[in-house]
Amino acid sequence: MPGFVIAIIAVIVALAIAIPVTAKIATSKYAKEVESKIGNADEKAREIIDEALKTAEAKKREGLLEVKEESIRTKNELDKEIKERRAEVQRFERRVQQKEENIDKKADAIEKKEAGLVAREEELAKQKKEIASLNEQRVQELERISGLTSEQAKEYLLKIVEDEVKHETAVMIKEMESRAKEEADKKAKEYVVTAIQKCAADHVSETTVSVVQLPSDEMKGRIIGREGRNIRTLETMTGVDLIIDDTPEAVILSGFDPIRREVARIALEKLIVDGRIHPARIEEMVEKAQKEVEVMIKEEGEAATLEVGVHGIHPELVRLLGKMKFRTSYGQNALKHSIEVAHLSGLLAAEMGLDIRMAKRAGLLHDIGKAVDREREGSHIQLGAELCRKYKESAIVINAVESHHGDVEPTSLIACIVQAADTISAARPGARRETLETYTSRLKQLEDITNNFKGVDKSFAIQAGREVRVMVVPEQISDTDMVILARDISKQIEQELEYPGQIKVNVIRESRVTDYAK
């Protein structure tokens, strides 16, 4: 037993000795391995650093090479551009030098020409002096031979030439007028008569005031309102004067603008039907009436285009055509007049073989300026032409609008047709009416114009101003002078008077011889 214990103790001692020794040995081996690994890592690190240095050096060299190449390329481009600029500057200098040389040559040539001109002027001055002296000698010799001075001879010669020219002019005017009338009258009469026969038009002139019928005279007081507030509101809102007098069961609306008058009429009729008449209701009814009139204007314009058969007109021009329903000229409704002119223009164009649609279009739009002539400055001709240009109408239509009163020369047969149709529509019986004051004023102006001419004894405006008879002094006006006098009077009337249709100028020269038997 003690031996076994001794053995166990020996083993334990041996193990105690062996374990530290083994641990030491193991530790020494691990340290050697670590050292070897560290040495390998250092070598690899040095290798990596060397390689990185080599790569960086190569990259550096490549970058330097690229920079050098870029600088060389830039330098070459700059050199090339400098060369081109120098060449261009040299070319410019050469051109400038050539121009300077040419200018010098021209200046030399001009100087030579000026010198030559001065010499020629001096020579011409000498010749003029010689000619003047010779002419003076010739005149003196002629005066001595004829026994007349140069002024007397000039007056005598001019009088002879003037009489001959006047006679020949009068004869020529007569021949040309008679020939033109013979050739044109027949065709013109055929065309106009055919067109008038085919055209049916109203012969009623429109009034300038509106009358609203009342159910009873009691309504007048309600329209006036307390202290006149209702009538004042209505007049203020519409711009129309209400005339309430002793006329039984009627109120008269008077206003400068027919559209306002129509608005007032519709509003007043609505108020009468409604029965509630006070300022607020009046304002409401006037607004409704304005909308109704706008719709009416549009419908009237569309109806006019459909009646005439003209399509493709701008909507604003169609609206303005409808607005012309409320515009009158000498009592003639402007829209009816335009429709009538359109029909007549189409009929005349058909007779002459021209474009019927274009003629109707020009006739319908010829007075379109009258729709705005009370709102803008300018004549209805100028305003109408501006509107047609604005809304892209054709050049033929624009010229017809400009020339239908002779302000501009017509450039097409359609423009001449519109002129004729406008005259026919305005001059037919019942188409227009004038106030007594305007009528008498025009007759007086007509007689005053003719009386201002030299050689006129007296004149008479007859046929309601359609003809003027001019009595001349026989001793002052010859038969030849009468032709020229009639034409001069006609031109003067055209320039100074405005009138529908035409005025006949009839110059009368009467020679009387009186003797007595004793």
Side-chain angles (χ1 to χ4, degrees), residues 202 204-304 316 318-337 370-377 380 383 432-438:
D202 294 333
V204 180
S205 297
E206 296 200 356
T207 59
T208 57
V209 295
S210 301
V211 178
V212 177
Q213 297 296 328
L214 303 178
S216 65
D217 285 338
E218 180 189 352
M219 187 62 68
K220 291 182 180 180
R222 297 176 64 186
I223 292 171
I224 294 170
R226 184 181 297 173
E227 297 178 357
R229 63 177 186 173
N230 290 345
I231 192 171
R232 280 200 304 273
T233 303
L234 189 57
E235 288 180 344
T236 303
M237 291 291 296
T238 59
V240 173
D241 292 332
L242 270 71
I243 302 172
I244 300 177
D245 52 16
D246 296 334
T247 306
E249 298 179 357
V251 173
I252 298 172
L253 305 177
S254 176
F256 175 78
D257 190 339
I259 295 178
R260 292 179 184 174
R261 197 168 63 247
E262 183 68 12
V263 169
R265 184 187 67 79
I266 294 172
L268 187 56
E269 287 178 353
K270 286 180 178 292
L271 288 167
I272 292 168
V273 172
D274 184 65
R276 293 173 292 172
I277 304 177
H278 53 82
R281 191 66 176 167
I282 289 170
E283 291 181 8
E284 182 183 345
M285 289 301 180
V286 168
E287 289 179 3
K288 287 184 179 179
Q290 287 172 345
K291 291 178 182 177
E292 284 188 19
V293 170
E294 281 296 324
V295 173
M296 189 190 305
I297 285 171
K298 184 179 178 182
E299 290 176 351
E300 288 292 339
E302 291 172 353
E316 182 61 22
V318 174
R319 192 185 75 83
L320 292 174
L321 279 172
K323 197 174 177 183
M324 288 169 64
K325 174 182 171 62
F326 302 101
R327 172 75 157 81
T328 58
S329 177
Y330 295 100
Q332 185 179 30
N333 185 280
L335 180 57
K336 289 182 179 179
H337 167 66
K370 287 185 178 179
V372 295
D373 63 347
R374 292 176 177 174
E375 304 166 7
R376 306 181 193 173
E377 291 185 2
H380 75 277
L383 295 172
R432 294 186 172 185
R433 59 181 175 78
E434 292 179 293
T435 62
L436 179 61
E437 184 181 354
T438 307

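For clarity, every value in this text was computed on a predicted model and none was experimentally measured. Because only heavy atoms are used, hydrogens play no part in the values below, and waters and symmetry mates are left out as well, while side chains stay in.
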Atom pairs and distances, donor-acceptor, side-chain atoms in residues 229-238, under 3.5 Å, two or more places apart:
{"residue": "Asn230", "atom": "ND2", "partner": "Arg222", "partner atom": "O", "Å": "2.9"}
{"residue": "Asn230", "atom": "ND2", "partner": "Ile277", "partner atom": "O", "Å": "3.3"}
{"residue": "Arg232", "atom": "NH1", "partner": "Glu227", "partner atom": "O", "Å": "2.7"}
{"residue": "Arg232", "atom": "NH2", "partner": "Glu227", "partner atom": "O", "Å": "3.4"}
{"residue": "Thr233", "atom": "OG1", "partner": "Arg229", "partner atom": "O", "Å": "2.7"}
{"residue": "Glu235", "atom": "OE2", "partner": "Leu242", "partner atom": "N", "Å": "3.1"}
{"residue": "Thr236", "atom": "OG1", "partner": "Arg232", "partner atom": "O", "Å": "2.7"}
{"residue": "Thr238", "atom": "OG1", "partner": "Leu234", "partner atom": "O", "Å": "2.6"}
{"residue": "Thr238", "atom": "OG1", "partner": "Val240", "partner atom": "N", "Å": "3.4"}

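Between Glu269 and Arg265 there is a salt bridge, since at least one side-chain N of the basic residue sits less than 4.0 Å from a carboxylate O of the acidic one. With respect to Glu284 and Arg281, a salt bridge is recorded, a charged nitrogen being found less than 4.0 Å from a carboxylate O. The pair Glu292-Lys270 counts as a salt bridge, with a side-chain nitrogen and a carboxylate oxygen less than 4.0 angstrom apart.
How far CG of Leu321 is from CD1 of Ile297: 11.5 Å, rounded to the nearest 0.5 Å. Separation of atoms NZ (Lys323) and CD1 (Ile259) is listed at 5.0 Å; rounding is to 0.5 Å. How far CD of Glu294 is from CD of Gln290: 8.5 Å, rounded to the nearest 0.5 Å. Interatomic distance, CG of Leu335 versus CG of Leu320, reported as 11.5 Å (0.5 Å rounding).
The shortest side-chain heavy-atom distance between Met324 and Glu300 does not fall under the 4.5 Å cut-off.
Looking at every heavy atom in both residues, Ala289 comes nearest to Ala267 through CB-N, 3.8 Å.
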Start with the C-alpha gap between Glu262 and Met296, add the side-chain angles, then the distance that decides, and say whether side-chain contact (heavy atoms from CB on, under 4.5 Å) holds.
CA-CA 11 Å; Glu262 183 68 12; Met296 189 190 305; 4.1 Å; yes
